[in-house]
Structures are given as structure tokens and as C-alpha cells.
J.: 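Below: one structure in C-alpha cells.
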Amino acid sequence: MKNFKKLSCFLAVLMTITILAGCSKSKVPAEPTSKTALVLGTVCTITLYDSDDTEIIDKAIARLSELEDILSINKTGTELDLVNDMSGIEPVKVSKDTLTVVKEGLKYSKLSNGTMDITVGPLVKLWGIGTEWAAVPTQEDIETAKSLINYDDVVIDEANSTIYLKKPGMKIDLGAIAKGYAADEVAKLLKDNSVKSAIVNLGGNIFVLGNKVDGSDWKVGVQNPENDGDSTIGYVTVTDKSVVTSGIYERYFEEDGKKYHHILSPETGFPYENEILGVSILSDLSIDGDSLSTTLFALGVEEGLKLIESLEGVDAIFVTKDHKLHMTKGFEEIFTLTNTDYSYQRVIGPDSCFGNQVRGS
């Protein structure tokens, strides 16, 4: 008998990262202005701290709905749905949004050598993790789905704004990148409307805009990956940054006493099995954090740290099943550990030898 984990609206907001905003000394406005909507398959909350203009939030939510209507594969009639339906048949003309997100998805697919591949759609649909019909597929079905996964078979024609999937049955799934792009688009919209202090929470994809209204930095709590509530392992002190987490606790189901999480390997066809409970990425753009959180989880701690240290402007923390924290130098500099169940293992940075700098055990 399978037991399914269902995401409640409340937990969706707190699943990966909890905002520790605190109280501001500012008296204008007296209270933050906030709205919550179910969009992009999750609970999205936008909170303004220096404005009480609800029309701005309405514009932001409308933008999220617009992106869902073109980028989702869980709704019929979207642009991405049409691209997938026309796989092996003909190119499909798409909007600037779809072209941009698919191009970014291909960039990270190549960067990770396919460990994060946006053409993983056939596997995602096959497993159905997050739905009531989730189940372990047959090996035959897994092999069929795997044969359709290859980011090199995606053809983009920028001049004509078209996308073509070479093989019939191919499917692009932007689940590892779409929310990041959406968070960036909302942050851009808020800035264009003169908002300078806000929090965008797209089901745990966090973007903190500017500073708090009293001028201090935000404190963003990193979710305890073994607790579905608001428990954290610590927090980072940041301004105008994105913090995104991927982990085995986000979506999963159980069958015959075994848990199967939603981060699927294009190579094996099964969920990745490694030492990681969760990965959090700190970045200027949420689309980078969203893509890298999945990529680094797939790569594992050693290879993931090597990759993140080779990139500019991004930092990461890995939480492993033995309750150790592995992080980049930049992340360590702004991180405060508050949960004694976890401890530092390694801090990797330009001034350290990879894998050798030990903070404690």
C-alpha cells in the first residue's frame, strides 16, 4: 500500500526555507502588505515592506499566472505543452519567456553533462511523483523513457523564436528552473514599481529584495531537511539575493517501505541516491539558484562543490545524511548555525585545499 506525501498550503511556503525577517523599526507603512496565491503548482506569497499598494502585488501575481500558462507541462494548452506535443513533428513558435527559460535550461543541462537535463519530462510523467498515482514504473517503461532524454536533441531557432524536439515522445520539463525565472520576473516588476524592500516566496524559492526598511540585512533561515515545518538549521544574512533549496523531503512517495523522491536521474531512471538531504544555493538571480540546486544535488557533495567553486557569484551549502554541513567559503562567511543537531564538516574556498579544511565534526 502506497503512502503519499501531500503538500499542504502552509507547508509549501515553509518547505525549504523560512524567512526570519523580524520586526522593523520603520513606521511607514505600519504593517507589511502581503498576498498569497496558488500558482505555478505551489503556494506563492509576495510581501511588501515599504509599500501598501496591493495593486503592485496583483500585477506580480498576474505575471506569475501568465508564466504558468506558458511554461507548465501540467496544464493543457501551454506553449511548453505544444512544444512537447509537436516533438518529432515540427518546430513551435514560442514567446520570449519560453525561449529564455529553455535556453537557460539547456545551458545548465550542458554544464552538468546531463545530470540535470530539461528533457527529463518522459521520466517525470512516468513516475508521477507529487500526484496520487505515483508508483515505481517497470524497468521496460523506464528504459523507454530514458531513450527519449537528450538535451542535444532540442533545437532552438532564435531568429524565428521556435523550439523543436527531434524525437517523437520527447518532453521538456522546466520544473528545475521555471520558479527561479518567475521569482526574478517578480523581483524585476517590484523594482519597476519603486518597491525597494520585499520578500518573494515561491513555495520556498526565496528572493529578498533590497534591505529591510530599517536598513538592516534580511535573515533567511535554511530549512531543516528532516523537518517539514518551520525548523531551521541556521540562517544567512543577505540583501538583494535569492536562496533556493532542493532536497529529498520536498516531494516523495512510499512504496513497499521505501521512499522515492522527485529528483530523477536521466542515467538510471530512478531518483538519485547519494549522501545529500538538501542543497541550498545563494545567488543574485533565482533562475541560477533553481537550476544549480538540482544540479548540485545530482552531482553529490564532492563534484557539486567543485562545480560551484568554478562559477562566479554563487555559493552553496550541502546538508548530508550524517548531519554534516559542507559549504563554500562565501556561504560560510554569512551563515550562522543555530541547530546543534548539525555540525560543520568542510568549508571549501579559494584559500583552502579541496576537502581538507575542517571546521569541526
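Keep in mind the model is a prediction, meaning the values are calculated, not measured.
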J.: Which one of Phe297, Trp127, Tyr272 satisfies the ring pair (Phe, Tyr, Trp, His ring centres under 6.0 Å) criterion with His261?
T.: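 Only one option passes, and that is Phe297.
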J.: Using 0.5 Å steps for rounding, measure from the CD1 atom of Ile70 to the CG atom of Asp97.
T.: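 Rounded to the nearest 0.5 Å, the CD1-CG separation comes to 4.0 Å.
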J.: Do Leu80 and Val101 touch side chain to side chain, with heavy atoms closer than 4.5 Å?
T.: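 With C-beta onward as the side chain, the pair stays apart.
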J.: If you count the non-hydrogen atoms of other residues, nucleotides and ligands that lie under 6.0 Å from CD in Glu275, is the total more than 12?
T.: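 Check passes, neighbour count above 12.
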J.: Roughly how far, to the nearest 0.5 Å, is OG of Ser283 from CG of Leu292?
T.: 7.5 Å
J.: Looking only at atom types and distance, does a side-chain atom of Asp81 sit under 3.5 Å from a main-chain N or O of Gly77, one as donor and one as acceptor?
T.: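 Yes; at least one donor-acceptor contact below 3.5 Å.
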J.: Just checking Lys196: does its NZ atom have more than 12 heavy atoms from other residues, nucleotides or ligands closer to it than 6.0 angstrom?
T.: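 Atom NZ in Lys196 is not packed in, count stays at 12 or less.
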J.: Please determine whether the number of non-hydrogen atoms from other residues, nucleotides or ligands lying under 6.0 Å from atom CD of Gln139 exceeds 12.
T.: yes
J.: Among Leu296, Leu299, Asp315, which one satisfies side chain to side chain contact (heavy atoms under 4.5 Å, CB included) with Ile308?
T.: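 Only one of Leu296, Leu299, Asp315 forms a side chain to side chain contact (heavy atoms under 4.5 Å, CB included) with Ile308, namely Leu296.
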J.: Ignoring hydrogens and angles, tell me if any N or O in the side chain of Ser161 forms a donor-acceptor pair with the backbone of Glu158 under 3.5 Å.
T.: no
J.: Apply side chain to side chain contact (heavy atoms under 4.5 Å, CB included) to residues Lys191 and Asp240 and explain how you reach the verdict.
T.: CA-CA 11 Å; Lys191 291 176 182 178; Asp240 218 30; 3.9 Å; yes
J.: For atom NZ of Lys103, is the number of surrounding heavy atoms from other residues, nucleotides or ligands below 6.0 Å larger than 12?
T.: no
J.: For Tyr181 and Ser291, run side chain to side chain contact (heavy atoms under 4.5 Å, CB included): C-alpha distance rounded to whole Å, both residues' side-chain angles, the deciding distance at 0.1 Å, then the answer.
T.: CA-CA 10 Å; Tyr181 179 74; Ser291 303; over 6 Å; no
J.: Test of understanding: clusters of I, L, V, M, F, W, Y form through side-chain heavy atoms closer than 4.5 Å, transitively. Do Val155 and Leu99 belong to the same one?
T.: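 Each belongs to a different hydrophobic cluster.
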J.: Does CD belonging to Glu143 count more than 12 external heavy atoms closer than 6.0 Å?
T.: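 Enclosed: over 12 neighbouring heavy atoms sit under 6.0 Å from CD of Glu143.
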J.: Answer yes or no for Lys166 and Tyr164: cation-pi contact, defined as NZ/CZ to six-membered ring centre under 6.0 Å and angle to ring axis within 45°.
T.: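 No, Lys166 does not lie over the aromatic ring of Tyr164.
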J.: In sequence, state the C-alpha distance, the side-chain angles, and the governing distance for Leu202 and Phe207, and then conclude on side chain to side chain contact (heavy atoms under 4.5 Å, CB included).
T.: CA-CA 9 Å; Leu202 305 189; Phe207 195 104; over 6 Å; no
J.: Can you list the residues that meet the side chain to side chain donor-acceptor pair (under 3.5 Å) rule with Thr47, with sequence neighbours excluded?
T.: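 Partners of Thr47 under the side chain to side chain donor-acceptor pair (under 3.5 Å) test: Ser34.
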J.: Is it the case that the side chain of Asn224 and the backbone of Ser231 share a donor-acceptor pair, with hydrogens and angles ignored and the cut-off at 3.5 Å?
T.: no
J.: Between Asp290 (side chain only) and Val244 (backbone N and O only), is there a donor and an acceptor less than 3.5 Å apart?
T.: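 Not a single qualifying donor-acceptor pair exists.
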J.: Using atom types as modelled and distance alone, determine if a side-chain donor or acceptor of Glu79 lies under 3.5 Å from a backbone N or O of Ser95.
T.: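 Between the backbone of Ser95 and the side chain of Glu79 there is a qualifying donor-acceptor contact (under 3.5 Å).
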J.: Is the number of heavy atoms from other residues, nucleotides or ligands under 6.0 Å of Lys110 NZ greater than 12?
T.: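 Incorrect, the count does not exceed 12.
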J.: Under the 3.5 angstrom rule, does the side chain of Lys179 hit a backbone N or O of Gly41 as a donor-acceptor pair?
T.: no
J.: Quick check: does any side chain N or O of Lys93 sit under 3.5 Å from a backbone N or O of Asn160, one acting as donor and the other as acceptor?
T.: yes
J.: State whether the side chain of Ser293 and the backbone N or O of Ser280 hold a donor-acceptor pair below 3.5 Å, judged by distance alone.
T.: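 Judged by distance alone, no pair lies under 3.5 Å.
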J.: Give me the one residue out of Asp53, Asp52, Asp58 that meets salt bridge (Lys or Arg N to Asp or Glu O under 4.0 Å) with Lys35.
T.: Asp58
J.: I'd like to know if the side chain of Asp184 and the backbone of Ser286 have a donor-acceptor N/O pair within less than 3.5 Å.
T.: yes
J.: Are any of the side-chain nitrogens in Asp217 or Lys241 under 4.0 Å away from the carboxylate oxygens of its partner?
T.: no
J.: Do the ring planes of Tyr344 and Phe335 sit parallel (below 30°), tilted (30 to 60°) or perpendicular (above 60°)?
T.: perpendicular
J.: Are Asp288 and Ile281 close enough, and set up right, to give a side chain to side chain contact (heavy atoms under 4.5 Å, CB included), and what steps lead you there?
T.: CA-CA 9 Å; Asp288 294 327; Ile281 306 294; over 6 Å; no
J.: Any idea how Tyr260 and Phe253 line up, ring-wise: parallel (<30°), tilted (30 to 60°), or perpendicular (>60°)?
T.: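 Geometry flag for Phe253 against Tyr260: parallel rings.
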J.: Between Lys146 and Pro122 (side chain of the first, backbone of the second, donor and acceptor by atom type, cut-off under 3.5 Å), is there such a pair?
T.: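 Not a single qualifying donor-acceptor pair exists.
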